[in-house]
Number of protein chains: 2
Amino acid sequence: MKSIDPYDYWTLKTIKRIMGKNPWISLSSRELGEKLSVSQQSASRIILKLIDKGFLQRKIKDRRQNLSITDAGLDILFYEMNDLASVLEIEKTMEIRGNVISGLGEGRYYISRKSYIIQFQEKLGFIPFLGTLNVKIDPENEGKLRRLRNSTGIHIDGFVTDDRTFGPVKAFLGSIEGLQCAAILPERSVYSDVLEIISPFYLREKLKLSDGASISLFVNI
Amino acid sequence: MKSIDPYDYWTLKTIKRIMGKNPWISLSSRELGEKLSVSQQSASRIILKLIDKGFLQRKIKDRRQNLSITDAGLDILFYEMNDLASVLEIEKTMEIRGNVISGLGEGRYYISRKSYIIQFQEKLGFIPFLGTLNVKIDPENEGKLRRLRNSTGIHIDGFVTDDRTFGPVKAFLGSIEGLQCAAILPERSVYSDVLEIISPFYLREKLKLSDGASISLFVNI
DNA sequence: ATTACTAAGACCCGAGTAG
DNA sequence: TCTACTCGGGTCTTAGTAA
(Lines give C-alpha, C1' and ligand atoms only; values in the text may rest on other atoms or scores of the structure.)
Protein backbone atom coordinates (compact mmCIF):
# COMPACT_ATOMS: atom_id res chain seq x y z
CA MET A 1 0.00 0.00 0.00
CA LYS A 2 1.47 3.29 -1.05
CA SER A 3 1.27 6.13 1.39
CA ILE A 4 -2.10 7.72 1.99
CA ASP A 5 -2.91 11.39 1.59
CA PRO A 6 -4.49 12.49 4.87
CA TYR A 7 -7.07 14.59 3.04
CA ASP A 8 -8.11 11.67 0.82
CA TYR A 9 -8.64 9.62 3.95
CA TRP A 10 -10.54 12.40 5.62
CA THR A 11 -12.84 12.99 2.68
CA LEU A 12 -13.52 9.29 2.16
CA LYS A 13 -14.36 8.90 5.83
CA THR A 14 -16.77 11.82 5.62
CA ILE A 15 -18.45 10.41 2.52
CA LYS A 16 -18.64 6.96 4.07
CA ARG A 17 -20.29 8.43 7.14
CA ILE A 18 -22.96 10.03 4.97
CA MET A 19 -23.44 6.86 2.95
CA GLY A 20 -23.86 4.45 5.82
CA LYS A 21 -24.63 1.10 4.27
CA ASN A 22 -25.84 2.48 0.94
CA PRO A 23 -23.52 1.59 -1.92
CA TRP A 24 -24.56 4.73 -3.81
CA ILE A 25 -25.52 8.11 -2.51
CA SER A 26 -26.82 11.26 -4.08
CA LEU A 27 -24.47 13.91 -2.77
CA SER A 28 -23.99 17.36 -4.27
CA SER A 29 -20.67 19.10 -4.09
CA ARG A 30 -22.32 21.79 -2.01
CA GLU A 31 -23.49 19.27 0.58
CA LEU A 32 -20.09 17.61 0.73
CA GLY A 33 -18.48 21.02 1.00
CA GLU A 34 -20.56 21.78 4.06
CA LYS A 35 -19.55 18.53 5.76
CA LEU A 36 -15.91 19.20 5.01
CA SER A 37 -16.13 22.91 5.79
CA VAL A 38 -14.92 23.88 2.34
CA SER A 39 -16.61 25.62 -0.58
CA GLN A 40 -18.71 23.92 -3.21
CA GLN A 41 -15.88 24.53 -5.67
CA SER A 42 -13.29 22.85 -3.49
CA ALA A 43 -15.58 19.91 -2.83
CA SER A 44 -16.05 19.53 -6.56
CA ARG A 45 -12.32 19.59 -7.13
CA ILE A 46 -11.75 17.07 -4.34
CA ILE A 47 -14.34 14.70 -5.79
CA LEU A 48 -12.69 14.87 -9.20
CA LYS A 49 -9.33 14.10 -7.64
CA LEU A 50 -10.69 11.08 -5.78
CA ILE A 51 -12.36 9.78 -8.93
CA ASP A 52 -9.09 10.25 -10.77
CA LYS A 53 -7.27 8.27 -8.11
CA GLY A 54 -9.82 5.48 -8.35
CA PHE A 55 -11.26 5.88 -4.84
CA LEU A 56 -14.68 7.12 -5.95
CA GLN A 57 -16.96 6.41 -8.84
CA ARG A 58 -19.77 8.54 -10.04
CA LYS A 59 -22.92 8.63 -12.14
CA ILE A 60 -24.30 12.00 -13.18
CA LYS A 61 -27.97 12.19 -13.95
CA ASP A 62 -29.80 15.43 -14.62
CA ARG A 63 -26.87 17.46 -13.33
CA ARG A 64 -26.86 15.66 -10.00
CA GLN A 65 -24.17 13.22 -9.09
CA ASN A 66 -24.42 9.88 -7.37
CA LEU A 67 -21.29 8.72 -5.64
CA SER A 68 -19.96 5.35 -4.61
CA ILE A 69 -16.74 4.45 -2.84
CA THR A 70 -14.71 1.87 -4.75
CA ASP A 71 -12.98 -1.11 -3.20
CA ALA A 72 -9.74 0.81 -3.41
CA GLY A 73 -11.38 3.65 -1.52
CA LEU A 74 -12.69 1.36 1.19
CA ASP A 75 -9.19 -0.10 1.42
CA ILE A 76 -7.96 3.34 2.45
CA LEU A 77 -10.43 3.42 5.33
CA PHE A 78 -9.84 -0.10 6.57
CA TYR A 79 -6.10 0.27 6.20
CA GLU A 80 -6.24 3.40 8.31
CA MET A 81 -8.35 1.59 10.88
CA ASN A 82 -5.75 -1.14 11.19
CA ASP A 83 -2.88 1.30 11.19
CA LEU A 84 -4.40 3.36 13.97
CA ALA A 85 -5.29 0.26 15.98
CA SER A 86 -1.71 -0.90 15.68
CA VAL A 87 -0.27 2.49 16.64
CA LEU A 88 -2.55 2.59 19.67
CA GLU A 89 -1.73 -1.05 20.35
CA ILE A 90 -5.32 -2.15 20.40
CA GLU A 91 -5.04 -5.85 19.84
CA LYS A 92 -7.98 -7.57 18.35
CA THR A 93 -9.48 -10.96 17.89
CA MET A 94 -12.28 -10.89 15.39
CA GLU A 95 -15.08 -13.36 15.02
CA ILE A 96 -15.97 -13.94 11.40
CA ARG A 97 -18.92 -16.08 10.47
CA GLY A 98 -19.49 -17.95 7.25
CA ASN A 99 -20.40 -21.20 5.59
CA VAL A 100 -18.26 -24.05 4.44
CA ILE A 101 -18.19 -24.43 0.68
CA SER A 102 -16.34 -26.91 -1.48
CA GLY A 103 -13.26 -25.57 -3.18
CA LEU A 104 -11.91 -26.59 -6.53
CA GLY A 105 -8.98 -28.42 -5.05
CA GLU A 106 -6.82 -25.45 -5.98
CA GLY A 107 -6.06 -24.64 -2.40
CA ARG A 108 -4.67 -28.10 -1.83
CA TYR A 109 -2.38 -27.65 -4.83
CA TYR A 110 -1.10 -24.30 -3.64
CA ILE A 111 -0.38 -25.08 -0.05
CA SER A 112 1.34 -28.35 -0.87
CA ARG A 113 4.20 -26.41 -2.51
CA LYS A 114 7.30 -27.11 -0.47
CA SER A 115 8.38 -23.46 -0.12
CA TYR A 116 5.04 -22.53 1.36
CA ILE A 117 5.01 -25.52 3.71
CA ILE A 118 8.46 -24.72 5.08
CA GLN A 119 7.36 -21.18 5.83
CA PHE A 120 4.07 -22.29 7.39
CA GLN A 121 6.04 -24.43 9.82
CA GLU A 122 8.54 -21.66 10.59
CA LYS A 123 6.15 -18.76 10.82
CA LEU A 124 2.84 -20.29 11.88
CA GLY A 125 4.20 -23.12 13.97
CA PHE A 126 2.44 -25.97 12.25
CA ILE A 127 2.49 -28.08 9.12
CA PRO A 128 -0.93 -27.84 7.53
CA PHE A 129 -3.11 -30.73 6.58
CA LEU A 130 -2.91 -30.89 2.79
CA GLY A 131 -6.10 -29.15 1.89
CA THR A 132 -7.88 -25.93 2.62
CA LEU A 133 -11.25 -25.31 4.15
CA ASN A 134 -13.10 -22.77 2.04
CA VAL A 135 -15.41 -20.50 3.96
CA LYS A 136 -17.84 -18.15 2.25
CA ILE A 137 -18.10 -15.17 4.56
CA ASP A 138 -21.52 -13.86 5.55
CA PRO A 139 -22.28 -10.55 3.82
CA GLU A 140 -22.75 -8.83 7.16
CA ASN A 141 -19.14 -9.73 8.01
CA GLU A 142 -17.85 -8.07 4.87
CA GLY A 143 -16.35 -5.23 6.88
CA LYS A 144 -14.33 -7.63 8.98
CA LEU A 145 -13.08 -9.32 5.85
CA ARG A 146 -12.03 -5.96 4.49
CA ARG A 147 -10.14 -5.29 7.68
CA LEU A 148 -8.34 -8.56 7.29
CA ARG A 149 -7.44 -7.80 3.69
CA ASN A 150 -5.92 -4.52 4.76
CA SER A 151 -3.97 -5.96 7.65
CA THR A 152 -0.38 -6.97 7.26
CA GLY A 153 -0.65 -10.39 8.84
CA ILE A 154 2.22 -12.85 8.82
CA HIS A 155 4.17 -12.54 5.63
CA ILE A 156 4.81 -15.68 3.56
CA ASP A 157 7.26 -15.19 0.70
CA GLY A 158 6.31 -16.04 -2.84
CA PHE A 159 8.63 -18.04 -5.09
CA VAL A 160 9.06 -19.22 -8.66
CA THR A 161 9.27 -22.73 -10.05
CA ASP A 162 10.13 -23.85 -13.57
CA ASP A 163 6.57 -23.47 -14.77
CA ARG A 164 5.11 -20.65 -12.82
CA THR A 165 5.12 -18.02 -10.10
CA PHE A 166 3.58 -18.37 -6.67
CA GLY A 167 2.82 -14.98 -5.18
CA PRO A 168 3.46 -13.85 -1.62
CA VAL A 169 0.59 -14.51 0.75
CA LYS A 170 -0.24 -13.46 4.28
CA ALA A 171 -1.56 -15.56 7.13
CA PHE A 172 -3.63 -14.80 10.20
CA LEU A 173 -3.54 -17.22 13.09
CA GLY A 174 -6.83 -18.15 14.63
CA SER A 175 -9.11 -20.96 15.61
CA ILE A 176 -12.30 -22.71 14.63
CA GLU A 177 -14.18 -24.36 17.47
CA GLY A 178 -11.01 -24.23 19.51
CA LEU A 179 -8.88 -25.91 16.86
CA GLN A 180 -5.79 -24.07 15.68
CA CYS A 181 -5.90 -22.76 12.14
CA ALA A 182 -4.85 -19.86 9.94
CA ALA A 183 -6.58 -17.83 7.25
CA ILE A 184 -4.51 -17.43 4.10
CA LEU A 185 -4.90 -14.47 1.76
CA PRO A 186 -2.92 -13.33 -1.24
CA GLU A 187 -0.85 -10.31 -0.35
CA ARG A 188 -2.29 -8.32 -3.23
CA SER A 189 -5.89 -7.47 -2.43
CA VAL A 190 -8.34 -9.81 -4.13
CA TYR A 191 -11.92 -8.91 -3.43
CA SER A 192 -13.32 -12.37 -2.87
CA ASP A 193 -15.77 -13.32 -0.15
CA VAL A 194 -14.19 -16.74 0.31
CA LEU A 195 -11.53 -17.30 2.93
CA GLU A 196 -9.13 -20.22 2.71
CA ILE A 197 -8.31 -21.83 6.01
CA ILE A 198 -5.41 -24.12 6.74
CA SER A 199 -4.93 -26.12 9.90
CA PRO A 200 -2.80 -28.95 11.24
CA PHE A 201 -6.08 -30.87 11.44
CA TYR A 202 -8.42 -32.12 8.78
CA LEU A 203 -11.13 -29.71 9.94
CA ARG A 204 -13.85 -31.05 7.70
CA GLU A 205 -13.64 -34.46 9.30
CA LYS A 206 -12.69 -33.49 12.81
CA LEU A 207 -15.56 -31.01 13.09
CA LYS A 208 -17.88 -33.03 10.84
CA LEU A 209 -18.41 -30.10 8.52
CA SER A 210 -20.39 -30.69 5.38
CA ASP A 211 -20.94 -28.13 2.65
CA GLY A 212 -23.08 -25.26 3.84
CA ALA A 213 -22.21 -25.81 7.49
CA SER A 214 -22.19 -22.53 9.40
CA ILE A 215 -18.95 -21.87 11.25
CA SER A 216 -17.42 -19.21 13.40
CA LEU A 217 -13.78 -18.33 12.86
CA PHE A 218 -11.67 -16.38 15.35
CA VAL A 219 -8.71 -14.59 13.85
CA ASN A 220 -5.99 -12.52 15.43
CA ILE A 221 -5.29 -9.33 13.60
CA MET B 1 -14.79 17.77 20.97
CA LYS B 2 -14.24 20.48 18.42
CA SER B 3 -13.44 19.37 14.91
CA ILE B 4 -10.08 17.86 14.26
CA ASP B 5 -7.57 19.09 11.71
CA PRO B 6 -6.67 16.08 9.58
CA TYR B 7 -3.02 17.10 9.52
CA ASP B 8 -2.87 17.40 13.30
CA TYR B 9 -4.26 13.89 13.53
CA TRP B 10 -1.85 12.61 10.93
CA THR B 11 1.18 14.12 12.60
CA LEU B 12 0.20 12.92 16.06
CA LYS B 13 -0.33 9.41 14.72
CA THR B 14 3.11 9.49 13.13
CA ILE B 15 4.75 10.71 16.32
CA LYS B 16 2.87 8.14 18.38
CA ARG B 17 4.06 5.40 16.06
CA ILE B 18 7.66 6.48 16.61
CA MET B 19 7.18 6.77 20.36
CA GLY B 20 5.60 3.38 20.96
CA LYS B 21 5.13 3.11 24.68
CA ASN B 22 7.72 5.73 25.61
CA PRO B 23 6.20 8.80 27.18
CA TRP B 24 9.05 10.96 25.87
CA ILE B 25 11.06 10.65 22.69
CA SER B 26 14.05 12.43 21.29
CA LEU B 27 12.93 13.40 17.81
CA SER B 28 14.55 16.06 15.65
CA SER B 29 12.51 18.08 13.23
CA ARG B 30 14.55 16.56 10.41
CA GLU B 31 13.60 13.03 11.47
CA LEU B 32 9.96 13.92 11.81
CA GLY B 33 10.10 15.68 8.45
CA GLU B 34 11.32 12.48 6.83
CA LYS B 35 8.50 10.45 8.33
CA LEU B 36 5.94 13.00 7.18
CA SER B 37 7.62 13.57 3.81
CA VAL B 38 8.03 17.26 4.46
CA SER B 39 11.08 19.46 4.98
CA GLN B 40 12.84 19.98 8.27
CA GLN B 41 11.47 23.51 8.28
CA SER B 42 7.89 22.39 7.87
CA ALA B 43 8.27 19.74 10.53
CA SER B 44 9.58 22.42 12.88
CA ARG B 45 6.61 24.63 12.11
CA ILE B 46 4.16 21.76 12.59
CA ILE B 47 5.67 20.89 15.96
CA LEU B 48 5.35 24.49 17.12
CA LYS B 49 1.74 24.54 16.02
CA LEU B 50 0.93 21.33 17.88
CA ILE B 51 2.63 22.63 21.01
CA ASP B 52 0.64 25.83 20.68
CA LYS B 53 -2.57 23.83 20.43
CA GLY B 54 -1.65 21.83 23.53
CA PHE B 55 -1.26 18.48 21.80
CA LEU B 56 2.48 18.19 22.29
CA GLN B 57 4.91 19.20 24.99
CA ARG B 58 8.60 19.60 24.63
CA LYS B 59 11.88 19.85 26.49
CA ILE B 60 14.89 21.23 24.68
CA LYS B 61 18.32 20.20 25.87
CA ASP B 62 21.52 21.02 24.06
CA ARG B 63 19.63 22.04 20.96
CA ARG B 64 17.82 18.71 20.74
CA GLN B 65 14.16 18.39 21.53
CA ASN B 66 12.33 15.71 23.45
CA LEU B 67 8.68 15.38 22.64
CA SER B 68 5.71 14.00 24.51
CA ILE B 69 2.08 13.76 23.45
CA THR B 70 -0.28 15.35 25.96
CA ASP B 71 -3.56 13.85 27.11
CA ALA B 72 -5.34 16.23 24.75
CA GLY B 73 -3.15 14.93 21.93
CA LEU B 74 -3.92 11.30 22.78
CA ASP B 75 -7.59 12.24 22.86
CA ILE B 76 -7.31 13.19 19.19
CA LEU B 77 -6.03 9.73 18.34
CA PHE B 78 -8.51 7.77 20.41
CA TYR B 79 -11.37 9.95 19.24
CA GLU B 80 -10.39 9.27 15.66
CA MET B 81 -10.18 5.56 16.41
CA ASN B 82 -13.74 5.57 17.72
CA ASP B 83 -15.00 7.76 14.93
CA LEU B 84 -13.53 5.50 12.28
CA ALA B 85 -14.80 2.37 14.01
CA SER B 86 -18.27 3.87 14.09
CA VAL B 87 -18.15 4.95 10.45
CA LEU B 88 -17.05 1.45 9.45
CA GLU B 89 -19.63 0.01 11.81
CA ILE B 90 -17.14 -2.12 13.64
CA GLU B 91 -18.98 -2.94 16.80
CA LYS B 92 -16.93 -3.53 19.83
CA THR B 93 -17.11 -5.04 23.24
CA MET B 94 -14.03 -4.30 25.26
CA GLU B 95 -12.77 -6.23 28.22
CA ILE B 96 -11.27 -3.90 30.80
CA ARG B 97 -9.56 -5.30 33.86
CA GLY B 98 -9.03 -3.63 37.18
CA ASN B 99 -9.35 -3.86 40.91
CA VAL B 100 -12.16 -2.91 43.23
CA ILE B 101 -11.33 0.03 45.47
CA SER B 102 -13.43 1.76 48.05
CA GLY B 103 -14.90 5.07 46.99
CA LEU B 104 -15.58 8.07 49.16
CA GLY B 105 -19.31 7.60 49.06
CA GLU B 106 -19.46 10.41 46.54
CA GLY B 107 -20.72 8.15 43.81
CA ARG B 108 -23.67 7.14 45.92
CA TYR B 109 -24.53 10.78 46.48
CA TYR B 110 -24.37 11.61 42.78
CA ILE B 111 -26.33 8.76 41.35
CA SER B 112 -29.06 9.08 43.93
CA ARG B 113 -30.09 12.44 42.42
CA LYS B 114 -33.58 12.02 41.06
CA SER B 115 -32.85 13.55 37.63
CA TYR B 116 -30.05 11.08 37.06
CA ILE B 117 -32.09 8.11 38.24
CA ILE B 118 -34.99 8.92 35.92
CA GLN B 119 -32.62 9.06 33.00
CA PHE B 120 -30.84 5.85 34.02
CA GLN B 121 -34.16 4.06 33.91
CA GLU B 122 -35.16 5.58 30.59
CA LYS B 123 -31.86 5.31 28.78
CA LEU B 124 -30.13 2.33 30.40
CA GLY B 125 -33.19 0.30 31.23
CA PHE B 126 -32.57 -0.14 34.93
CA ILE B 127 -32.73 1.67 38.23
CA PRO B 128 -29.31 1.45 39.80
CA PHE B 129 -28.58 0.15 43.26
CA LEU B 130 -27.76 3.23 45.30
CA GLY B 131 -24.02 3.09 45.26
CA THR B 132 -21.20 2.79 42.76
CA LEU B 133 -18.53 0.18 42.43
CA ASN B 134 -15.19 1.91 41.98
CA VAL B 135 -12.73 0.06 39.80
CA LYS B 136 -9.12 1.12 39.47
CA ILE B 137 -8.13 0.19 35.93
CA ASP B 138 -4.95 -1.76 35.32
CA PRO B 139 -2.24 0.45 33.78
CA GLU B 140 -1.99 -1.88 30.76
CA ASN B 141 -5.67 -1.16 30.05
CA GLU B 142 -5.08 2.57 29.96
CA GLY B 143 -5.56 2.65 26.20
CA LYS B 144 -8.99 1.05 26.49
CA LEU B 145 -9.94 3.59 29.13
CA ARG B 146 -8.84 6.38 26.82
CA ARG B 147 -11.02 4.92 24.10
CA LEU B 148 -13.95 4.92 26.45
CA ARG B 149 -13.32 8.52 27.43
CA ASN B 150 -13.35 9.54 23.80
CA SER B 151 -16.49 7.63 22.92
CA THR B 152 -19.85 9.28 22.94
CA GLY B 153 -21.68 6.65 24.97
CA ILE B 154 -25.23 7.15 26.15
CA HIS B 155 -25.81 10.77 27.01
CA ILE B 156 -27.24 11.61 30.43
CA ASP B 157 -28.24 15.26 30.84
CA GLY B 158 -26.88 17.38 33.62
CA PHE B 159 -29.12 19.58 35.74
CA VAL B 160 -29.03 22.24 38.42
CA THR B 161 -30.46 22.23 41.92
CA ASP B 162 -30.72 25.08 44.41
CA ASP B 163 -27.23 24.51 45.74
CA ARG B 164 -25.22 23.22 42.84
CA THR B 165 -24.76 21.98 39.31
CA PHE B 166 -24.61 18.36 38.25
CA GLY B 167 -22.79 17.99 34.95
CA PRO B 168 -23.79 15.82 32.03
CA VAL B 169 -22.36 12.31 32.13
CA LYS B 170 -22.19 9.45 29.68
CA ALA B 171 -22.85 5.78 30.26
CA PHE B 172 -21.64 2.59 28.65
CA LEU B 173 -23.70 -0.54 29.09
CA GLY B 174 -21.82 -3.68 29.97
CA SER B 175 -21.50 -6.52 32.38
CA ILE B 176 -19.38 -7.86 35.21
CA GLU B 177 -19.41 -11.62 35.59
CA GLY B 178 -22.55 -11.72 33.52
CA LEU B 179 -24.39 -9.17 35.66
CA GLN B 180 -25.78 -6.12 33.91
CA CYS B 181 -24.06 -2.85 34.73
CA ALA B 182 -22.94 0.44 33.22
CA ALA B 183 -19.78 2.51 33.46
CA ILE B 184 -20.43 6.18 34.18
CA LEU B 185 -18.04 8.91 33.12
CA PRO B 186 -18.32 12.68 33.20
CA GLU B 187 -18.87 14.01 29.72
CA ARG B 188 -15.93 16.34 30.00
CA SER B 189 -12.72 14.30 29.91
CA VAL B 190 -11.30 13.69 33.34
CA TYR B 191 -8.06 11.78 33.28
CA SER B 192 -8.69 9.43 36.16
CA ASP B 193 -7.86 5.74 36.21
CA VAL B 194 -10.93 4.93 38.30
CA LEU B 195 -14.18 3.87 36.65
CA GLU B 196 -17.49 4.14 38.47
CA ILE B 197 -19.86 1.28 37.82
CA ILE B 198 -23.58 1.26 38.48
CA SER B 199 -25.82 -1.76 38.32
CA PRO B 200 -29.31 -2.85 39.31
CA PHE B 201 -27.53 -5.24 41.69
CA TYR B 202 -25.39 -4.64 44.73
CA LEU B 203 -22.35 -5.99 42.95
CA ARG B 204 -20.06 -5.93 45.96
CA GLU B 205 -22.31 -8.30 47.82
CA LYS B 206 -23.64 -10.37 44.95
CA LEU B 207 -20.15 -11.08 43.61
CA LYS B 208 -18.54 -11.08 47.05
CA LEU B 209 -16.03 -8.40 46.05
CA SER B 210 -13.79 -7.03 48.71
CA ASP B 211 -11.34 -4.18 48.21
CA GLY B 212 -8.54 -5.14 45.87
CA ALA B 213 -10.55 -7.87 44.18
CA SER B 214 -9.56 -8.25 40.54
CA ILE B 215 -12.48 -7.98 38.14
CA SER B 216 -13.11 -8.04 34.44
CA LEU B 217 -15.58 -5.60 32.98
CA PHE B 218 -17.12 -5.92 29.53
CA VAL B 219 -18.34 -2.67 28.04
CA ASN B 220 -20.08 -1.95 24.76
CA ILE B 221 -18.64 0.99 22.95
C1' DA C 1 24.58 18.98 15.29
C1' DT C 2 20.36 21.34 16.41
C1' DT C 3 15.83 24.84 15.96
C1' DA C 4 13.49 28.19 13.48
C1' DC C 5 13.32 32.96 11.05
C1' DT C 6 12.77 35.19 6.43
C1' DA C 7 11.45 35.43 1.87
C1' DA C 8 9.94 33.75 -2.46
C1' DG C 9 7.70 30.49 -4.97
C1' DA C 10 4.21 26.74 -5.23
C1' DC C 11 -0.06 25.39 -4.17
C1' DC C 12 -4.71 25.68 -2.70
C1' DC C 13 -9.08 28.06 -2.01
C1' DG C 14 -13.21 30.19 -3.32
C1' DA C 15 -15.77 34.12 -5.91
C1' DG C 16 -17.47 34.72 -10.28
C1' DT C 17 -19.47 32.57 -13.76
C1' DA C 18 -20.40 29.31 -17.90
C1' DG C 19 -22.87 25.44 -19.55
C1' DT D 1 -30.58 24.30 -9.41
C1' DC D 2 -26.44 21.31 -10.71
C1' DT D 3 -20.93 20.72 -11.92
C1' DA D 4 -16.71 22.73 -12.68
C1' DC D 5 -13.66 26.24 -15.19
C1' DT D 6 -10.68 30.55 -14.57
C1' DC D 7 -8.12 33.51 -11.93
C1' DG D 8 -6.84 36.53 -8.14
C1' DG D 9 -5.55 36.32 -3.45
C1' DG D 10 -4.02 34.05 0.41
C1' DT D 11 -1.80 30.19 2.68
C1' DC D 12 1.68 26.78 2.99
C1' DT D 13 6.17 25.02 1.80
C1' DT D 14 10.94 25.09 1.52
C1' DA D 15 15.76 27.00 0.46
C1' DG D 16 18.92 29.86 2.67
C1' DT D 17 20.68 30.98 6.73
C1' DA D 18 21.27 32.70 11.71
C1' DA D 19 21.94 31.38 16.37
Side-chain angles (χ1 to χ4, degrees), chain A residues 2-19 22-70 73 76 80, chain B residues 2-19 22-70 73 76 80:
Chain A
K2 55 185 183 297
S3 78
I4 296 176
D5 177 333
Y7 273 131
D8 289 351
Y9 157 67
W10 205 259
T11 308
L12 287 168
K13 187 184 73 168
T14 303
I15 294 174
K16 175 67 178 155
R17 176 181 293 123
I18 298 166
M19 290 178 63
N22 301 90
W24 286 90
I25 190 100
S26 169
L27 181 67
S28 73
S29 48
R30 173 164 300 284
E31 289 161 346
L32 179 59
E34 273 166 26
K35 298 287 183 183
L36 292 172
S37 303
V38 297
S39 66
Q40 170 269 321
Q41 292 86 341
S42 289
S44 172
R45 201 158 10 84
I46 289 169
I47 289 170
L48 289 174
K49 187 186 69 178
L50 290 175
I51 291 171
D52 184 54
K53 289 188 178 182
F55 299 147
L56 278 184
Q57 52 186 145
R58 178 165 72 161
K59 295 177 191 160
I60 301 192
K61 245 187 193 163
D62 299 330
R63 294 194 161 162
R64 188 160 175 95
Q65 64 194 352
N66 280 27
L67 295 177
S68 175
I69 302 180
T70 63
I76 299 277
E80 187 61 22
Chain B
K2 55 184 183 301
S3 76
I4 295 176
D5 177 334
Y7 272 132
D8 289 350
Y9 156 68
W10 205 260
T11 307
L12 288 167
K13 188 185 71 168
T14 303
I15 294 174
K16 176 67 177 154
R17 176 182 293 123
I18 298 167
M19 289 178 65
N22 302 89
W24 286 91
I25 190 101
S26 170
L27 180 67
S28 73
S29 48
R30 172 163 301 283
E31 289 160 346
L32 179 60
E34 275 165 25
K35 299 285 183 185
L36 293 172
S37 303
V38 296
S39 66
Q40 170 271 320
Q41 291 87 339
S42 288
S44 171
R45 194 165 21 79
I46 290 168
I47 290 170
L48 289 174
K49 186 187 70 178
L50 289 175
I51 291 170
D52 185 55
K53 290 188 176 181
F55 299 146
L56 278 184
Q57 52 187 143
R58 176 165 72 162
K59 296 177 190 160
I60 301 191
K61 246 188 194 160
D62 300 329
R63 293 194 160 164
R64 190 163 174 93
Q65 65 193 353
N66 281 26
L67 294 177
S68 176
I69 301 180
T70 64
I76 299 276
E80 187 62 21

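Below, chains carry the letters A, B, ... as their sequence lines are ordered, and counting in each starts from 1.
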Rounded off to whole Å, could you give me the [atom1]-to-[atom2] distance for the [X] and [N] pair?
X: B/Ile60; N: D/dA19; atom1: CD1; atom2: P; value: 17 Å
X: B/Leu67; N: C/dT2; atom1: CG; atom2: C1'; value: 13 Å
X: A/Leu48; N: D/dC2; atom1: CG; atom2: P; value: 16 Å
X: A/Lys49; N: C/dC11; atom1: NZ; atom2: P; value: 14 Å
X: B/Asp62; N: C/dA1; atom1: CG; atom2: C1'; value: 11 Å
X: A/Arg30; N: D/dC2; atom1: CZ; atom2: C1'; value: 10 Å
X: A/Ile47; N: D/dC2; atom1: CD1; atom2: P; value: 12 Å
X: B/Leu27; N: C/dT2; atom1: CG; atom2: P; value: 11 Å

Problem - Within 6.0 angstrom of B/Lys53 NZ, more than 12 heavy atoms from elsewhere - result: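 Counting neighbours around NZ of B/Lys53, more than 12 heavy atoms of other residues, nucleotides or ligands fall under 6.0 Å, so yes.
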
Exercise for the section: Tell me, yes or no, whether the heavy-atom count around A/Arg30 atom CZ, taken from other residues, nucleotides or ligands under 6.0 Å, exceeds 12. Expected result: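 Count not over threshold, so no.
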
Completion exercise
Counting primed atoms, P, OP1 and OP2 as sugar-phosphate and everything else as base, the B/S/- map of nucleotides 8-16 of chain D against protein heavy atoms under 4.0 Å is -----BBBB

Exercise for the section: Would you tell me if any nitrogen or oxygen in the side chain of A/Arg63 comes within less than 4.0 Å of OP1 or OP2 on C/dA18? Expected result: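 Indeed not, no polar side-chain atom of A/Arg63 lies that close.
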
Handout entry: Phosphate-side-chain proximity, A/Ser29 and D/dT3, N/O vs OP1/OP2 below 4.0 Å
Key =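 So the side chain of A/Ser29 is within the cut-off, an N or O lying under 4.0 Å from OP1 or OP2 of D/dT3.
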
Handout entry: B/Thr14 and B/Arg17: side chain donor to acceptor below 3.5 Å
Key =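 No pair is found: no donor N or O on one side chain lies under 3.5 Å from an acceptor on the other.
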
Exercise for the section: Using a 4.5 Å cut-off on heavy atoms from C-beta on, say whether the side chain of B/Arg45 contacts that of B/Val38. Expected result: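 A side-chain contact is absent here, since even the closest heavy-atom pair is not under 4.5 Å.
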
Handout entry: Test item: B/Asn66 and B/Ile25 side chains (from C-beta on) under 4.5 Å apart, heavy atoms
Key =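 No - every pair of side-chain heavy atoms lies 4.5 Å or more apart.
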
Practice task
Would you check if the side chain of A/Thr70 reaches a backbone N or O of A/Gly54 as a donor-acceptor pair within less than 3.5 Å?
Solution key: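 Such a contact is found between A/Thr70 side chain and A/Gly54 backbone.
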
Practice task
Evaluate the ring planes of A/Tyr7 and B/Tyr7, with Trp represented by its six-membered ring, and classify them as parallel (under 30°), tilted (30 to 60°) or perpendicular (over 60°).
Solution key: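 It falls in the perpendicular class, over 60°.
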
Practice task
Look at all strands and tell whether A/Ser28 reaches a base, only sugar-phosphate, or nothing, counting heavy atoms closer than 4.0 Å.
Solution key: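 Sugar-phosphate contact only - A/Ser28 comes under 4.0 Å of backbone atoms but never of a base.
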
